[in-house]
A.B. asks: 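Dropping a structure here in structure tokens format, bear with me for questions.
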Amino acid sequence: MIILSAIKILKFSTKTKCLSTFSPPNFTNLLQLSIESQSLTTTQKLHSKIIQLGLHQNSFIATKLISAYFTCQNPVDSRRVFDAFEHKNEFLWNILINGYAKNALFGESLNVFSQMFRCGVVPDEFTYSSIVKILGELGDLVNGRSVHGRCVRNGVVLDCVVGNSLMAMYGKCGGFQDSLKVFDEMPYRNVSSFNVVISGYMSVKEGVLDEKLWDFVKDMLFEGWEFDAFTVSMLLSLCGEVKKNWCYGKELHCYIVRNGLEDDFVVSSDVHLGCCLIDMYAKSSRVEFGRRVFDRLKRRNVFAWTAMINGYVLNGDFDEALVLFRQMQVEGVEPNKVSLISILPACCSFDRLKGGKQIHAFSTRRGLNHEVSLCNALIDMYSKSGSLSCARRVFEHDCVTKDAISWSSMVSAYSLHGNGRGAVGLYEKMLQHGMKPDRIVVVGVLSACARSGLVDEGFRIYSFAVNEYDLEPTLEMCACIVDMSGKAGQFDRALDFIKTMPMQPGPSIWGALVNASAIHGNSEVHDLAYRFLIQMEPENPSNYVSLSNLYATSQRWDVVAEVRTTMKDRGLKKFPGCSWISINTETHSFYVADKSHPCSVVIYDMLDQLILAMKRDDNGVRFEDTVKVYE
DNA sequence: ATAGGGTTAG
């Protein structure tokens, strides 16, 4: 609409040849409109008019024109305008550097920077802050340091924004200590300086630093600084996590309201903070509070919808997530890659496979199906929905470039489907492709070995990963080994392994052993493992239940009663596990020995027959054939 | 005009 009227003005003025209408300020306004609407054709029309009228040497107009071409992703034309301009000032050079950076042409930006020197133009603080940012984006610590030195020598380091950009650069290049040093030496700081430090603390992401970050934020408040939207959004992202220090999500929300920061997303259309709030509430299991924020947003862009959908998914409300996913499209917001990745876990069960396939088809139509992160989510979805073959198809055909997650998702898919050989085979293939195994894929393949009884394979894979790939063994990896040997009844091997483990065995280790010894009826190992387990986790009801179950199988009812009494004394209650199945959108759930279902008699009868069939299957009769008889 | 913040997969 705006741009249409701009063109109308242009046509009218051309006809009337009224030159006063084209005084420079008007042209800059028109160019500003074409920047805001990112319209290349308007920019080109304005450009030709400007040349016709001989206004292309006007520095205001040239600047806007260069910016306009950059925002229309036409850097070549920006450069043409720049080159044709005769009296270039540093302002114009800076525009060029930034324009290239906005188009991710960082190399060009750096070229312009050195060209500036050759032309005898002195870069100013604007130039330096941009260049430093670019070096940060490139992770170029070497040049970052040398430019820092130059900033010190020519004095621009005293500029607050240059200081902030230097800090950010060091943070992105892994030099957080250097970043703190710059902060300490800054003569003038603003809130952003503090924000950069906070962001640095967060990207280092070590548990120890959490405490220091907390202290830093407290000091910031103590010195009288006020959080701005950037500060709050970063702190909010720490709140959903299970770390004890950061349960301040609600307080931060209050801060937002008190300090008028809510206007950003309720009055204006900057929904950034709103998204952070939705995410924080979702991660704190308070998705309904997030929904209230969502409903109040002035403008719901794809980020907002995705954050809300992801919130419902995280909290297990898959139906509501799917409702919102449809609604966002009805309201004309196009889901992006992240939206699709977020909704996919809502389709991770057999009864939702159809929905998952629809998402897959949708992504293919939008040309997103080769995106590696989306492929990985699809592999996981298909695997959890029971379709190993579809998972494999995505892995082979859609997933053109495979990353560590692609391989590990596919390995886990085989594991989940009880195909240990398939998992091991794929893992080996991954190594042949020159992919370095990480702790997660190793856990995936080891759990596959445990499920399929591939004990020797498992041990071989473990020591190869540790010795040849310098992989630090994790507790989870070790638990897999113990689980694997235990399930195969090789308790000596399991116990030997526990002795040589590089870390203290935790509940997961003893739990695996308790489980395995219960299966094999090995009461000696069971007693040993159980003693450790109870000592470590006296409050976990599952531990007592497993003990009681073990003694129940050997009809030691006296011990069973004793365990139950202990549990009662300690006030522990175990909620029984349950299975469910959805038939025609109705969900039926079953507990152990549950006879409450109206069709209970028929169901148990079928179950007995199936068990019989499976037993017969052991003797070479095909299970599928037997089932067919019952259908 | 320059710096700092958002949704995602094993």
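Heavy-atom basis, side chains included; hydrogens, waters and symmetry copies ignored. Computed from a predicted model, the values in this text were never measured in an experiment. Proteins get letters first, then strands, A, B, ... in listed order; numbering begins at 1 in each.
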A.B. asks: Examine B:dA3: is either OP1 or OP2 under 4.0 Å from a nitrogen or oxygen in the side chain of A:Lys133? Give yes or no.
C.D. replies: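 So the side-chain polar atoms of A:Lys133 do come within 4.0 Å of the phosphate oxygens OP1 or OP2 of B:dA3, strictly under.
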A.B. asks: So what does A:Val162 touch, heavy atoms closer than 4.0 Å: a base, only the sugar-phosphate, or nothing?
C.D. replies: nothing
A.B. asks: Could you tell me the separation between the CH2 atom of A:Trp305 and the P atom of B:dG6, rounded to a whole number of Å?
C.D. replies: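 Atom-to-atom, A:Trp305 to B:dG6, this comes out as 23 Å.
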A.B. asks: Taking the six-membered ring of A:Phe294 (Phe, Tyr or Trp), confirm whether the NZ or CZ of A:Arg300 is under 6.0 Å from its centre and within 45° of its axis.
C.D. replies: yes
A.B. asks: Nearest whole Å is fine: how far is B:dG5 P from A:Ile256 CD1?
C.D. replies: 17 Å
A.B. asks: From the options A:Trp93, A:Tyr100, A:Tyr69, select the one residue that forms a ring-ring contact (aromatic ring centres under 6.0 Å, His included) with A:Phe82.
C.D. replies: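 Testing A:Phe82 for a ring-ring contact (aromatic ring centres under 6.0 Å, His included) against A:Trp93, A:Tyr100, A:Tyr69 leaves exactly one candidate, A:Trp93.
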A.B. asks: Round to a whole Å and report the spacing from CD of A:Glu334 to P of B:dT7.
C.D. replies: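 Taking atom P of B:dT7 as the reference, CD of A:Glu334 is at 21 Å.
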A.B. asks: Which nucleotide in the list B:dG6, B:dT7, B:dA9 gets nearest to the side chain of A:Ile341?
C.D. replies: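 Selected nucleotide: B:dA9.
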A.B. asks: Is there a donor on the side chain of A:Asp228 or the base of B:dG4 sitting less than 3.5 Å from an acceptor on the other?
C.D. replies: yes
A.B. asks: Can you give me the closest heavy-atom contact between A:Phe318 and A:Ala346, atom names plus distance?
C.D. replies: CD2-CA, 3.6 Å
A.B. asks: Give the nucleotide from the list B:dT2, B:dA9, B:dG10 with an atom nearest to the side chain of A:Ser130.
C.D. replies: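 Nucleotide nearest to A:Ser130's side chain: B:dT2.
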A.B. asks: Can you check whether any acceptor in the base of B:dA3 is under 3.5 Å from a donor in the side chain of A:Asn195, or vice versa?
C.D. replies: no
A.B. asks: B:dA3, B:dT2, B:dG6: which one has an atom nearest the side-chain heavy atoms of A:Ser192?
C.D. replies: B:dA3
A.B. asks: Go through B:dG6, B:dT8, B:dA3 for me and flag the one nearest to the A:Cys276 side chain.
C.D. replies: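 Between B:dG6, B:dT8, B:dA3, the one nearest the side chain of A:Cys276 would be B:dG6.
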A.B. asks: What about A:Ser129: does its side chain form a donor-acceptor pair under 3.5 Å with the base of B:dT2?
C.D. replies: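 Donor-acceptor pair under 3.5 Å: yes.
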A.B. asks: Taking only the side-chain heavy atoms of A:Asn336 (C-beta and beyond), determine which of B:dT7, B:dG10, B:dT2 contains the nearest atom.
C.D. replies: B:dT7
A.B. asks: Take atom CE of A:Met234 and atom C1' of B:dA3, then tell me their distance rounded to the nearest Å.
C.D. replies: 12 Å
A.B. asks: Hey, does A:Ile440 reach any base, or is it just sugar-phosphate, or nothing, if we go heavy atoms under 4.0 Å?
C.D. replies: base
A.B. asks: Using the ring of A:Phe362 (Phe, Tyr or Trp, six-membered ring only), decide whether A:Arg366 places NZ or CZ under 6.0 Å from its centre and within 45 degrees of its axis.
C.D. replies: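 Yes, a cation-pi geometry.
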A.B. asks: Taking any heavy-atom pair under 4.0 Å as a contact, classify A:Asn94: base, sugar-phosphate, or nothing.
C.D. replies: base
A.B. asks: By nearest atom, which of the nucleotides B:dT2, B:dT7, B:dG10 is closest to the A:Asn98 side chain?
C.D. replies: B:dT2
A.B. asks: Kindly point out which of B:dA3, B:dT7, B:dG10 is positioned nearest to the side chain of A:Asp279?
C.D. replies: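 The closest nucleotide is B:dT7.
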A.B. asks: What is the distance, to the nearest angstrom, from the CD atom on A:Gln32 to the C1' atom on B:dA1?
C.D. replies: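 Distance, rounded to whole Å: 12 Å.
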A.B. asks: Measure from NZ or CZ of A:Lys402 to the centre of the six-membered ring of A:Phe395 and say whether it is under 6.0 Å with the direction within 45° of the ring axis.
C.D. replies: yes
A.B. asks: Across the strands shown, which category fits A:Lys172 at heavy-atom distances under 4.0 angstrom: base, sugar-phosphate, nothing?
C.D. replies: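 Here A:Lys172 touches the backbone only, sparing every base.
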A.B. asks: Taking any heavy-atom pair under 4.0 Å as a contact, classify A:Asn89: base, sugar-phosphate, or nothing.
C.D. replies: nothing
A.B. asks: Answer yes or no as to whether B:dA1 has its base stacked against A:Phe91, where stacking requires a ring-centre separation under 5.5 angstrom and planes under 30 degrees apart.
C.D. replies: no
A.B. asks: Classify A:Ala304 by what it touches in the nucleic acid, base, sugar-phosphate, or nothing, heavy-atom distance under 4.0 Å.
C.D. replies: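 Nothing, no heavy atom under 4.0 Å.
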A.B. asks: Please report, rounded to the nearest Å, how far the C1' atom of B:dG10 is from the NZ atom of A:Lys384.
C.D. replies: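 For the pair A:Lys384 NZ and B:dG10 C1', the rounded distance is 8 Å.
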A.B. asks: Roughly how many Å is it from CE in A:Met167 to C1' in B:dG4, rounded to a whole number?
C.D. replies: 9 Å
A.B. asks: So does A:Asn376 get a side-chain nitrogen or oxygen closer than 4.0 Å to the phosphate oxygens (OP1/OP2) of B:dG10?
C.D. replies: no
A.B. asks: Rounded to the Å, how far apart are A:Phe194 CZ and B:dG4 P?
C.D. replies: 17 Å
A.B. asks: Whether the side chain of A:Ser179 engages the backbone of A:Met167 through a donor-acceptor N/O pair (distance < 3.5 Å, no angle test) should be reported.
C.D. replies: yes
A.B. asks: List, one per line, each side-chain donor-acceptor pair under 3.5 Å for residues 471-481 of chain A, sequence neighbours excluded.
C.D. replies:
| from | atom 1 | to | atom 2 | distance (Å) |
| --- | --- | --- | --- | --- |
| A:Thr474 | OG1 | A:Met477 | N | 3.1 |

A.B. asks: Check every atom of B:dA3, B:dT8, B:dG6 against the side chain of A:Ser342 and return the nucleotide holding the closest atom.
C.D. replies: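 Comparing B:dA3, B:dT8, B:dG6 against the side chain of A:Ser342, the answer is B:dT8.
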A.B. asks: Look at all strands and tell whether A:Ser373 reaches a base, only sugar-phosphate, or nothing, counting heavy atoms closer than 4.0 Å.
C.D. replies: base
